[in-house]
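Scroll down for the structure; my scribbles are underneath it.
Just so it is clear: chains get the letters A, B, ... in the order the sequence lines come, proteins before strands, and each one is counted from 1.
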Protein chains: 2
Amino acid sequence: MMSQTSRYAFHVLGFLASHGGRLIPGDELAAATGIPANYLVKILNQLRKGGLVESRKGWGGGFALKPGAEDRPILDVVEIIEGQGAGAKDDCAFGRPACDAGNPCPMHEGWAEIRDGYHTLLSRTLVRDLASP
Amino acid sequence: MMSQTSRYAFHVLGFLASHGGRLIPGDELAAATGIPANYLVKILNQLRKGGLVESRKGWGGGFALKPGAEDRPILDVVEIIEGQGAGAKDDCAFGRPACDAGNPCPMHEGWAEIRDGYHTLLSRTLVRDLASP
DNA sequence: GACTCAAAGGATTTAATTGTCCGCTGAGGT
DNA sequence: ACCTCAGCGGACAATTAAATCCTTTGAGTC
């Protein structure tokens, strides 16, 4: 339901969120989170392009949360990582191309409930909530 | 959250459930469900080994639900297809190896709710419920 | 300006899932 | 007996996610 890469993104954003706007090098983030360093940098790059993270090169450089990013829902994170419409509402447990209230598959109702709960969780959880206490 | 193969399994089991214990050839099942024929046979084979389906070779052969399989929860299907412990309770949204009530990740509570809802759906939905009306 | 630090980007590898192909086996019918 | 039908099994190809490697670019220090 959630890609490994999204989980990594949650983890590292949580770490950044608990360290204010301070720039932290990728290597340090990798060591702190246990995420493979080379891969982590790629994820952070996606997040930067998505507007959640900013970076600076060279000495004293690293990654930091973009100001205001703490208030973004983590649904944004999933959409940046997995593409728009991850867990879209037309996602059917039978794999049917079209499955809605008018033409439901046998699992439609129960599955829609799970999907909506997932979507709600992603919408209500903010990046700031990912910070460790 | 649910593999494509599990979705295929739901679909074909639903078809079988709505056709009683009648033997139906794999080709016919593939045509009826839109699942790739060669792949579908492999899935049905897994389900047979898992005890949900029976089969007969040769003329008049095909696949059918095993007697009593209608009353099995579809959690069994997912476990046959994806292996035991698919969507296990240690599955953490942060990807942490250990994440429980004593040492929770920031998303632990909300995510546990989704996971439990998923597990409950699979436990309460029976193979017979997959039949189309 | 030369050197170092660290991000940016591209190419490649690995692993898992999904899907395809082909020959074998067993159960009928004729 | 022989032929056909249809499930069985193993090997293989395609796709995607995940991870690694290498080179380039930019920023700062000395």
Side-chain angles (χ1 to χ4, degrees), chain A residues 1-12 16 22-66 77-83 85-87 94-95, chain B residues 1-12 16 22-66 78-83 85-87 91 94-95:
Chain A
M1 190 145 203
M2 201 163 18
S3 74
Q4 181 66 16
T5 307
S6 291
R7 291 172 201 237
Y8 285 161
F10 291 162
H11 201 158
V12 73
L16 288 175
R22 284 224 322 281
L23 284 168
I24 304 177
D27 282 351
E28 202 174 321
L29 293 171
T33 56
I35 303 167
N38 297 313
Y39 193 51
L40 177 56
V41 168
K42 298 228 177 295
I43 298 169
L44 286 164
N45 237 300
Q46 287 186 263
L47 295 173
R48 179 180 54 82
K49 289 174 183 165
L52 290 180
V53 157
E54 58 189 7
S55 67
R56 217 163 69 212
K57 290 186 177 183
W59 191 94
F63 298 91
L65 275 191
K66 207 162 182 176
V77 177
V78 173
E79 287 189 340
I80 290 170
I81 300 293
E82 303 180 21
F94 265 48
Chain B
M1 190 144 203
M2 202 161 15
S3 74
Q4 181 67 17
T5 307
S6 290
R7 291 172 201 238
Y8 285 161
F10 291 162
H11 201 159
V12 73
L16 289 176
R22 283 224 324 282
L23 284 166
I24 304 176
D27 283 352
E28 203 174 321
L29 293 171
T33 58
I35 302 167
N38 297 314
Y39 194 49
L40 176 56
V41 168
K42 300 225 175 296
I43 298 170
L44 287 164
N45 239 297
Q46 288 186 262
L47 295 174
R48 179 179 55 82
K49 289 173 185 167
L52 290 180
V53 158
E54 58 189 7
S55 66
R56 217 164 68 211
K57 292 185 176 182
W59 190 95
F63 297 90
L65 276 192
K66 205 162 184 177
V78 173
E79 287 189 341
I80 290 170
I81 300 293
E82 303 180 21
D91 172 44
F94 265 49

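Rounding to the nearest 0.5 Å gives a distance of 6.0 Å between CG of N45(B) and CZ of F63(B). For the atom pair NZ (K42(A)) and CD1 (I35(A)), the distance works out to 14.5 Å, reported to the nearest 0.5 Å. Interatomic distance, CG of L29(B) versus CG of L40(B), reported as 6.0 Å (0.5 Å rounding). With rounding to the nearest 0.5 angstrom, the CZ atom of R7(A) is 13.0 Å from the CD1 atom of I43(A). Rounded to the nearest 0.5 Å, atoms CG (L16(B)) and NZ (K66(B)) are 14.0 Å apart. Taking CD of E28(B) as the reference point, atom OG1 of T33(B) lies at 11.0 Å (rounded to 0.5 Å).
In this structure, D27(B) and A37(B) approach most closely via the heavy-atom pair OD1-CB, 4.2 Å. Listed here is the closest heavy atom pair of E54(A) and L23(A): O-CD2, 4.5 Å.
To the nearest angstrom, P of dA7(C) lies 7 Å from CG of D27(A). Rounding to whole angstrom units, OH of residue Y8(B) and P of dT18(C) are separated by 8 Å. Taking atom CD1 on I43(B) and atom P on dT20(C), their separation rounds to 11 Å, with Å as the unit. Atoms CE (M1(A)) and P (dA17(D)) sit 17 Å apart, rounded to a whole Å. Rounding to whole angstrom units, CG of residue L44(A) and P of dA6(C) are separated by 15 Å. Rounded to an integer number of Å, the gap from CD of Q46(A) to P of dA7(C) is 16 Å. Between E54(A) atom CD and dA8(C) atom C1' the separation is 16 Å, expressed in whole Å. Spacing between atom CG of L47(A) and atom C1' of dA7(C) amounts to 14 Å, rounded to whole angstrom units.
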Filtered N/O pairs between nucleotides 25-29 of chain D and protein, under 3.5 Å:
unit_1, atom_1, unit_2, atom_2, d
dT25(D), O2, K57(A), NZ, 3.1
dG26(D), O4', K57(A), NZ, 3.4
dG26(D), N2, G58(A), N, 2.9

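Counting only heavy atoms from C-beta on, T5(A) has its side chain closest to dA18(D) among dC8(D), dA19(D), dA18(D).
A side-chain N or O of T5(A) and one of Y39(A) form a donor-acceptor pair less than 3.5 Å apart.
For the pair N38(B) and R48(A), both in contact range of DNA chain C, the more 5′-proximal nearest nucleotide belongs to R48(A).
Comparing the end axes of the helix from dG1(C)-dC30(D) to dT30(C)-dA1(D), each fitted to five base pairs by superposing C1' atoms of four pairs onto the next four, gives an inter-axis angle of 10° (nearest 10 degrees).
Residue S55(A) has no polar side-chain atom (N or O) positioned under 4.0 Å from OP1 or OP2 of dA7(C). For dC12(D), the OP1/OP2 oxygens have no side-chain nitrogen or oxygen of K42(B) closer than 4.0 Å. Contact annotation: N45(A) does not reach the phosphate of dA7(C) (side-chain N/O to OP1 or OP2, under 4.0 Å). Between Y39(A) and dA17(D), a side-chain N or O to OP1/OP2 separation shorter than 4.0 Å is absent.
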